[in-house]
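Just so you know, residue 1 is the first one in the sequence shown, and it goes up from there. The figures here come from the full heavy-atom set of this structure, side chains too, leaving out hydrogens, waters and symmetry mates.
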Amino acid sequence: AIPALKQVLKKTKNNQERRDYWGKIAWSQYRLGHYREALDSYEEAIQQGETAQLLYWKARSLEKNKKNKTGEKPQEVYQNIIQMYPATYY
């Protein structure tokens, strides 16, 4: 599914669609246990348009990723979600 999503992603210019495709790619990578790749894809999705859901799964990817190059901590992302999206499920 990931290669097909990346092919469709190349053809779309709409930021919301790009965000959704990156989110689907990231979720697939996360479920496969490819946490570093998932983290990168969640960051790509967030660049297209931030949502509480994307931030949450980015934080979960940070938790699972043992070699976090950015130094960003999952707790910081969770705190950001609480402050920016207090009325959401995430």
Side-chain angles (χ1 to χ4, degrees):
I2 294 171
L5 287 168
K6 286 184 176 181
Q7 286 292 6
V8 174
L9 182 63
K10 289 179 183 178
K11 297 177 184 177
T12 185
K13 304 281 188 245
N14 181 292
N15 282 351
Q16 185 175 358
E17 288 178 10
R18 293 182 62 76
R19 180 191 66 206
D20 292 345
Y21 288 128
W22 275 117
K24 290 177 188 331
I25 290 167
W27 175 244
S28 297
Q29 292 166 328
Y30 183 90
R31 297 287 293 161
L32 289 168
H34 302 161
Y35 304 117
R36 177 72 239 169
E37 292 88 350
L39 179 57
D40 292 342
S41 294
Y42 279 120
E43 289 175 352
E44 287 286 344
I46 290 166
Q47 287 179 11
Q48 302 302 316
E50 183 180 282
T51 67
Q53 181 181 17
L54 291 172
L55 287 172
Y56 174 81
W57 286 105
K58 174 186 174 181
R60 293 292 303 264
S61 298
L62 283 166
E63 286 179 359
K64 298 278 189 177
N65 187 16
K66 303 297 184 211
K67 297 179 182 175
N68 178 9
K69 297 177 191 175
T70 66
E72 189 172 18
K73 294 181 172 51
Q75 297 82 0
E76 295 169 352
V77 179
Y78 291 130
Q79 191 62 38
N80 189 17
I81 296 167
I82 291 167
Q83 291 173 353
M84 293 178 59
Y85 303 97
T88 63
Y89 174 81
Y90 292 95

**Student:** Check the orientation of Y78 and Y56. Use parallel for under 30°, tilted for 30 to 60°, and perpendicular for over 60°.
**Tutor:** tilted
**Student:** Which donor-acceptor pairs under 3.5 Å do the side chains of residues 83-90 make with protein atoms, sequence neighbours left out?
**Tutor:**
residue	atom	partner	partner atom	Å
Y85	OH	E50	OE2	2.9
T88	OG1	Y85	O	3.0
Y90	OH	Q53	NE2	3.4

**Student:** Taking salt bridge (charged side-chain N to carboxylate O under 4.0 Å, His left out) as the definition, give me every residue that meets it alongside R60, ordered by chain and number, with sequence neighbours left out.
**Tutor:** E63
**Student:** Who are the salt bridge (charged side-chain N to carboxylate O under 4.0 Å, His left out) partners of E76, not counting sequence neighbours?
**Tutor:** none
**Student:** Decide whether I46 and L5 are clustered together by the hydrophobic rule: side chain heavy atoms of Ile, Leu, Val, Met, Phe, Trp, Tyr closer than 4.5 Å, transitively.
**Tutor:** no
**Student:** Could you measure the distance from the CD atom of E43 to the OG atom of S61? Nearest 0.5 Å is fine.
**Tutor:** 9.0 Å
**Student:** Sort and list the pairs that fulfil salt bridge (Lys or Arg N to Asp or Glu O under 4.0 Å) and have at least one residue in residues 30-40, not counting sequence neighbours.
**Tutor:** R36-D40
**Student:** Identify, with sequence neighbours excluded, every residue that meets side-chain contact (heavy atoms from CB on, under 4.5 Å) alongside Q75.
**Tutor:** K73
**Student:** Grab the two heavy atoms, one from A38 and one from A26, that are nearest each other, plus how far apart they are.
**Tutor:** CB-O, 3.6 Å
**Student:** Nearest 0.5 angstrom please: Y42 OH to T51 OG1, how far?
**Tutor:** 9.5 Å
**Student:** For the hydrophobic clusters of this structure (ILVMFWY residues joined by side-chain heavy atoms under 4.5 Å, transitively), does one cluster hold both L9 and L39?
**Tutor:** no
**Student:** Among pairs that include at least one residue of residues 16-25, which meet side chain to side chain donor-acceptor pair (under 3.5 Å), considering only residues two or more places apart or in two chains?
**Tutor:** T12-E17
**Student:** Under the side-chain contact (heavy atoms from CB on, under 4.5 Å) test, which residues partner I2, sequence neighbours left out?
**Tutor:** K6, I25, S28, Q29, L32
**Student:** Rounded to the nearest 0.5 Å, what separates atom CG in N80 from atom CD in E72?
**Tutor:** 8.5 Å
**Student:** Would you please name every residue forming a side-chain contact (heavy atoms from CB on, under 4.5 Å) with Y35, sequence neighbours left out?
**Tutor:** Y30, K64, N65
**Student:** Check L54 against G49 and note the closest heavy-atom contact, atom names and distance.
**Tutor:** CD1-O, 3.7 Å
**Student:** Applying side chain to side chain donor-acceptor pair (under 3.5 Å), can you list everything that pairs with Q79, at least two apart in sequence or on another chain?
**Tutor:** none
